[in-house]
Amino acid sequence: MKLPKPQVSVLETASATEEQTIEQIAAKTEQKQETVAGAAFALEEEGYVNIASKTEEEIELTDEGETYLKEGLPEVRLYEAARKADSERINIGDAISAAGLSNQQVEIALANFARKEYGTVDGGEVTPNPEADPEADVEVEALEKIDVGEDSLQSEVVDRLDSRGLITRIEQTVRAVTLTDEGVTVLMEGIEAAESVGQITPELLASDRWKDVEFAEYNVEAAADQASLGRKHILRAIADRVKEVLVGMGFKEMDGPHVDADFWINDCLFMPQDHPARTHWDRFAMEKPRQINSLPDDLVGRVESAHRNGVGEDGEGYHSPWSKEFASALALRGHTTSLSARHLAGEQIGKIEPPARFFSVEKAYRNDTLDATHLLEFFQIEGWVLAEDLSARDLMGTFEEFYAQFGIHDIQFKPHYNPYTEPSFELFGEHPETGEMIEIGNSGIFRPEMLEPLGVEEDVMAWGLALERLAMLLTGAEDIRDLHGTLTDIEFLRNAEVIY
Ligand code: PHE
């Protein structure tokens, strides 16, 4: 009979009387474990072998266990130090320092010292029990055995070591293979390795050779090593999905500088120059170069006038100082609304004809205090719609549509204030783990004081949503630092999926 090569070698290696694990057969036949497992399952299906699965417990020393193996258990060290003293009893502080115990080890030493009847501790003095024999300490003996992989262990001692945190138990499924009677018969009748083909090629089809070859069968249930391949970071994956959704809703992507003049970041947004967000406390200013090369003069004039006097007949400005010098200062953008300002002003890609929809998913930078919901840089999902007669309902409807694409249907809105929008709304979403409503974005309809200087005659509704907050809602992460940075769990990064 012809069988694929791996199956032939498994049949020839297996025995009818003695169980052999997949691991052992793999080592003997110099094949990968997954190949052997696949072949063994195929043979089992034909009835040529039996596979018995059992869970085996493997025990390993923890770092603490390793340390004690090398340096001795704290209670044994305490005992030995006390025995070395000249008198029957010794001051506890002296015994501890003679034993060289660290602060954490002292409590461990004392608790186990008494339990194992190594002696008594009373009135600040240690009295070692002369009868005790640390050489015969069963826990030390077990640590030594575990270290060399011996398995004749007493279960109470193992439980004790486990509760002391000196070992870890790892459960493993072990599969053992034996030949069946049928397997023995086929072997005796003689088996031959067939050329086994794992992939169909054009040559194979054209040459008619496919008629003679044996096709390898895939066993998708076979145990295999888990491969951790490179993959896209969850936050990037969510950003990509956000872009797809927005493109699907008819938006175009905008782009622009990370470092920009305050003019584009703040002044064009009718943010007064003495606004607290414009102080060095909140922003990352540039030292070299300190200022932007040029700004469009006409626009600077119109923006200045809006700040000083407002717009329209009964306009009202801030009546506070305004200088072009201040507006020219460079900083890392504190929001990506600077991109919206540049685009609406016609500065970035020329005049934009309404109706138009634009978005970006880009970084913004703020000198915040690091905590569970704030990092110094984060991604904003910026967006705006330019059209005639927009209302708050259009804005809310857009968000409902957007978040619904991620399975989020319970967005709540709260009235808010921005110098550049009226009305303004903050957005909140319910955190799936804590049930708390967390802020996920800010939005509004741009004011005439912002739009008129930019030369926009229609309405513009706009927003900045936090990508990381969306990611928290989607993954259940409770801390932004669970999503990226050094504290992030590697298993989470390996397995997290964007679900929608
Ligand atoms: N710039 C605002 C922020 O960073 C977001 C926003 C953009 C609000 C556009 C309204 C309009 O919070």
Side-chain angles (χ1 to χ4, degrees), residues 242 246 251-254 256-258 260-272 275-279 281-284 331-345 348 352 356-368 373-387 390-399 402-403 411-429 438-454 456 458-470 472 480:
V242 165
L246 288 169
F251 285 77
K252 285 195 187 131
E253 189 165 5
M254 47 178 190
H258 290 244
D260 211 347
D262 268 348
F263 181 72
W264 297 112
I265 306 173
N266 291 311
D267 294 285
C268 283
L269 297 177
F270 198 53
M271 291 272 283
H275 191 280
R278 304 191 62 171
T279 62
W281 298 109
D282 272 13
R283 61 198 268 284
F284 291 113
L332 281 167
R333 61 188 178 209
H335 53 196
T336 43
T337 319
S338 55
L339 303 182
S340 306
R342 280 174 166 273
H343 280 73
L344 286 168
Q348 207 66 12
I352 294 170
R357 300 179 180 91
F358 276 83
F359 80 95
S360 64
V361 183
E362 285 289 342
K363 275 209 170 145
Y365 310 85
R366 282 184 205 171
N367 197 4
D368 273 322
T373 48
H374 294 90
L375 294 175
L376 300 187
E377 51 178 81
F378 58 100
F379 282 98
Q380 276 192 318
I381 307 168
E382 193 76 29
W384 49 268
V385 177
L386 167 66
L390 292 171
S391 70
R393 297 175 70 111
D394 296 307
L395 190 57
M396 290 170 160
T398 304
F399 293 135
F402 172 74
Y403 282 105
I411 296 301
Q412 292 188 17
F413 300 92
K414 186 168 154 188
H416 186 56
Y417 172 77
N418 295 305
Y420 40 96
T421 50
E422 180 60 37
S424 314
F425 304 94
E426 271 182 337
L427 281 71
F428 287 79
I438 61 168
E439 193 207 318
I440 54 174
N442 178 11
S443 67
I445 297 186
F446 282 147
R447 302 172 68 105
E449 285 86 345
M450 165 173 174
L451 292 181
E452 234 185 82
L454 298 181
V456 176
E458 298 74 17
D459 290 338
V460 178
M461 59 185 203
W463 54 86
L465 315 175
L467 182 72
E468 281 84 347
R469 302 287 175 85
L470 171 61
M472 286 167 86
I480 241 174

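Values below: every heavy atom of this structure, side chains too, minus hydrogens, waters and symmetry copies. Start at 1 with the first residue, then count along the sequence. Both ligands and their constituent atoms are indexed starting at 1 by order of listing.
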Practice task
With a 4.0 angstrom cut-off on heavy atoms, strictly below it, pick out the residues next to ligand 1 and order them by chain and number.
Solution key: H335, T337, R366, Q380, E382, N418, Y420, T421, N442, S443, G444, F446, A462, W463, G464

Handout entry: Check: R357 side chain, V385 main-chain N or O, donor-acceptor pair, under 3.5 Å
Key = no

Problem - Donor-acceptor contact below 3.5 Å, side chain R333 vs main chain G256 - result: yes

Exercise for the section: Hey, could you give me the CG/CZ distance between D262 and R278, rounded to the nearest 0.5 Å? Expected result: 5.0 Å

Completion exercise
For I440 and I411, the nearest pair of non-hydrogen atoms, with its separation, is CD1-CD1, 3.5 Å

Problem - Side-chain donor/acceptor of E468 to backbone N/O of F379, under 3.5 Å - result: yes

Exercise for the section: Ignoring hydrogens and angles, state whether a donor on the side chain of T336 or E362 is under 3.5 Å from an acceptor on the partner side chain. Expected result: no

